[in-house]
Engineer: 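To start, I am sharing the structure in question, which I have written as structure tokens.
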Amino acid sequence: MEKLIKRGAEADILLGWWGPLRAVFKVRRAKPYMVTELDLKLRKARTIREASVMPQARKAGANTPYIFYVGIRTFTIVMQYIDGPTMKEMLDDKPVLAAELGRTLSKLHSVGIIHGDPNTANFILSDANRLWYTVDFGLSFFSSELEDIAVDIHIVKEMLAAQHKRVFQEAFNHFLTGYSKTAGQHGLTQILKKLNEIERRGRYGRQLVD
Amino acid sequence: MEKGNLHRWVEQLDTGMKYKRGLGIESTAHTFGVSIVDERGTILSNVKEVYKPPSGKGIHPREASRHHAEKAPKLIGDALKAAALAIDDMDFIAYSAGPGLGPCLRVGATLARALSVYYNKPIIPVHHGVGHIELGCLLTGSSDPVVLLLSGGHTMILVSGIRSWVVFGETLDLTLGQLIDQFGRAIGYSSPAGPSIEKLARDGKKYVTLPYVVKGNDLSFSGMLTSIKKELSRPYEDLAFSLQETAFAMVAEVSERALALTGKRELLVVGGVAANARLSEMLNHVADRQGAAIKPIPIAFAGDCGAQIAWPGILYNKAGISAKAEDAFVNQSWRIDRVSVPWRS
């Protein structure tokens, strides 16, 4: 009945119907390679987290699909289907779209939502109403710590460099411009300072040097 | 007789003159390795000695560098002898210029500079991580893989960029190798503790909950180390088991994300931790689920070795790149994404 349209790293995305409505079934299936306790814990936590953050994100001004049903025991969320291209498919031709990503992310951050996976693949331009929708809140959490906000931005930067390498610099600049619209120049400066600190943190060489 | 001589001469011309070859010296941490590789990718020799710190201790940079300096002359000789070549037959001298432990790196760099100046050979500084990746590509025949780099100093997922390797995801604090070594030290093993922990983990039964931290494509292990150190009253087998299960699952998840998001069809796992059987098992599942091929590296070349320096040396040499002896420094914290890799696009 439901058709598998995408197999992500942590969930299968199926397309089906919820009554008369087109719906996405996001099912977190067991991972055969993971120890059962850990697998169950993660799937449950992420299902609950995603389902609870999505409405909050909408309140903050980021469009998210409506949730129809949450199955804690089946690790399933049924939600509104947003039909349209992802930003991942469009950004290389139109780097200015990254500004939209920046605006959305700063709206989320302003109410203490850390997306946790701000990937261009998680932003969909709805064919129906031409609005950008944010999806995949499985790694999201609530925090207003500068550290967590800066890590979210770090993920964006890394992701743009790896997935959109030819337009990376331009796209990241647009992203920052978009971000500062809501966060303000001062807020952005603080975050970039923290970002710099995170990027310098001993990840490069070995840390055992005397 | 004459014919035999001629034949030998032609053969010499063929193998001896036609193919470039160079000497690579690896000395970033525990291992001092020397290898000779030719431009066809044939590893003509690959010898090494590994410094072993006293049990319960980490690597002491000064002691390790002393070990390297003692072993170096013999290993250079052994590598040449095994390849039946003289140093004069080399087209270049390559050395690991970082990242790593300063005193250890300097042993290799000093030796490389001396050989380069005395024998008038071009000198080529090579990034240790790039060495792991390029040797991995050579040995497995991968062309455009998602790379999981798990050496002592790196826990990274990379994809090829424009004349460089681009970081897709990485640890925000400790590397996987450091996590394992530091846990190992806490329970009395010397570094590198990977093989001992792996063995211990096989007898683990009870899973102890540890923090599982994945942020986007990034990982964080520092919380896990703190929390496992508070559980040391439990059986070490269970702890080793839980540490591996949790840390490896994190690595597996971000690897799967990388495959799903890039759509690439090869997963290359390099670095010392790649030798772990449980991790390989998990990554096999991951590759399967994403329809990708995982190509194992021969164990002998998974850890640090001279060949990982000599082979990129060949690639740089072909691209016409070398350094001046006076610029052939070491860089203890050389970022892999700042390294120019002209043969990748």
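Every chain is numbered from 1, with letters handed out A, B, ... down the list of sequences.
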Engineer: Determine whether a donor-acceptor pair (N or O, by modelled atom type, separation under 3.5 Å) exists between the side chain of Ser180(A) and the backbone of Ala183(A).
Structural biologist: no
Engineer: Quick test of your reading of the model: are Glu237(B) and Lys206(B) salt-bridged, counting only N-O distances below 4.0 Å?
Structural biologist: no
Engineer: Thr86(A) vs Thr120(A), test: side-chain contact (heavy atoms from CB on, under 4.5 Å). Steps then yes/no.
Structural biologist: CA-CA 7 Å; Thr86(A) 67; Thr120(A) 43; over 6 Å; no
Engineer: Taking only Lys NZ, Arg NE, NH1 and NH2, and the carboxylate oxygens of Asp or Glu, determine whether Asp144(B) and Arg344(B) approach each other closer than 4.0 Å.
Structural biologist: no
Engineer: Only pairs of heavy atoms separated by less than 4.5 Å count here; which of Gly161(B), Ser191(B), Ala260(B) has the most with chain A?
Structural biologist: Gly161(B)
Engineer: What part of Ile114(A) gets closer than 4.5 Å to chain B, counting heavy atoms only: side chain, backbone, both or neither?
Structural biologist: neither
Engineer: Quick one: of Val156(A), Thr36(A), Asp117(A), who has the most non-hydrogen atom pairs under 4.5 Å with chain B?
Structural biologist: Asp117(A)
Engineer: What closest approach, in Å, do His68(B) and Ser27(B) show between heavy atoms, and which atom pair accounts for it?
Structural biologist: CD2-CB, 4.1 Å
Engineer: Quick check: do Glu170(B) and Leu219(B) have side-chain heavy atoms less than 4.5 Å from each other?
Structural biologist: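 No, their side chains stay 4.5 Å or more apart.
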Engineer: Measure Arg278(B) against the heavy atoms of chain A and call it side chain, backbone, both or neither at under 4.5 Å.
Structural biologist: side chain
Engineer: Are Phe175(A) and Val96(A) packed together at the side-chain level, in the sense that at least one heavy-atom pair is separated by less than 4.5 angstrom?
Structural biologist: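 In short, these two side chains do not touch, never coming nearer than 4.5 Å.
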Engineer: Measure distances from Arg46(A) to the heavy atoms of chain B and classify the residue's part below 4.5 Å as side chain, backbone, both or neither.
Structural biologist: side chain
Engineer: Considering only heavy atoms, which portion of Val35(A) lies under 4.5 Å from any heavy atom of chain B: side chain, backbone, both, or neither?
Structural biologist: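 Both parts, heavy atoms under 4.5 Å.
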Engineer: Taking the side chain as every heavy atom from C-beta outward, state whether Thr64(A) and Phe137(A) have any atom pair closer than 4.5 Å.
Structural biologist: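 Touching, per the 4.5 Å side-chain cut-off.
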Engineer: Select, from Thr155(B), Val159(B), Val167(B), Ile162(B), the one with the greatest count of heavy-atom pairs under 4.5 Å involving chain A.
Structural biologist: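 Among the listed options, the one with the most contacts to chain A is Ile162(B).
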Engineer: Mind ranking Lys88(A), Lys6(A), Arg7(A), Glu10(A) by heavy-atom pairs under 4.5 Å with chain B and telling me who comes out on top?
Structural biologist: Arg7(A)
Engineer: Please look at Ala121(A) and chain B and tell me whether the side chain, the backbone, both or neither of the residue comes under 4.5 angstrom of a heavy atom of that chain.
Structural biologist: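 For Ala121(A), the contact with chain B is made by the side chain alone.
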Engineer: Among the options Leu38(A), Asp148(A), Leu139(A), Ile155(A), pick out the one with the most heavy-atom pairs lying under 4.5 Å from chain B.
Structural biologist: Leu38(A)
Engineer: Checking side-chain hydrogen bond (donor to acceptor under 3.5 Å, both in side chains) against Thr28(B), which of His128(B), Gln332(B), His127(B) comes through?
Structural biologist: His128(B)
Engineer: Check each atom of Leu210(B) against the heavy atoms of chain A and say whether the ones under 4.5 Å are side chain, backbone, both or neither.
Structural biologist: backbone
Engineer: If you count heavy-atom pairs within less than 4.5 Å of chain A, which of Phe248(B), Phe241(B), Phe168(B), Tyr207(B) leads?
Structural biologist: Tyr207(B)
Engineer: Quick one: what part of Glu253(B) sits under 4.5 Å from any heavy atom of chain A, side chain, backbone, both or neither?
Structural biologist: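 Its backbone and side chain both get close to chain A.
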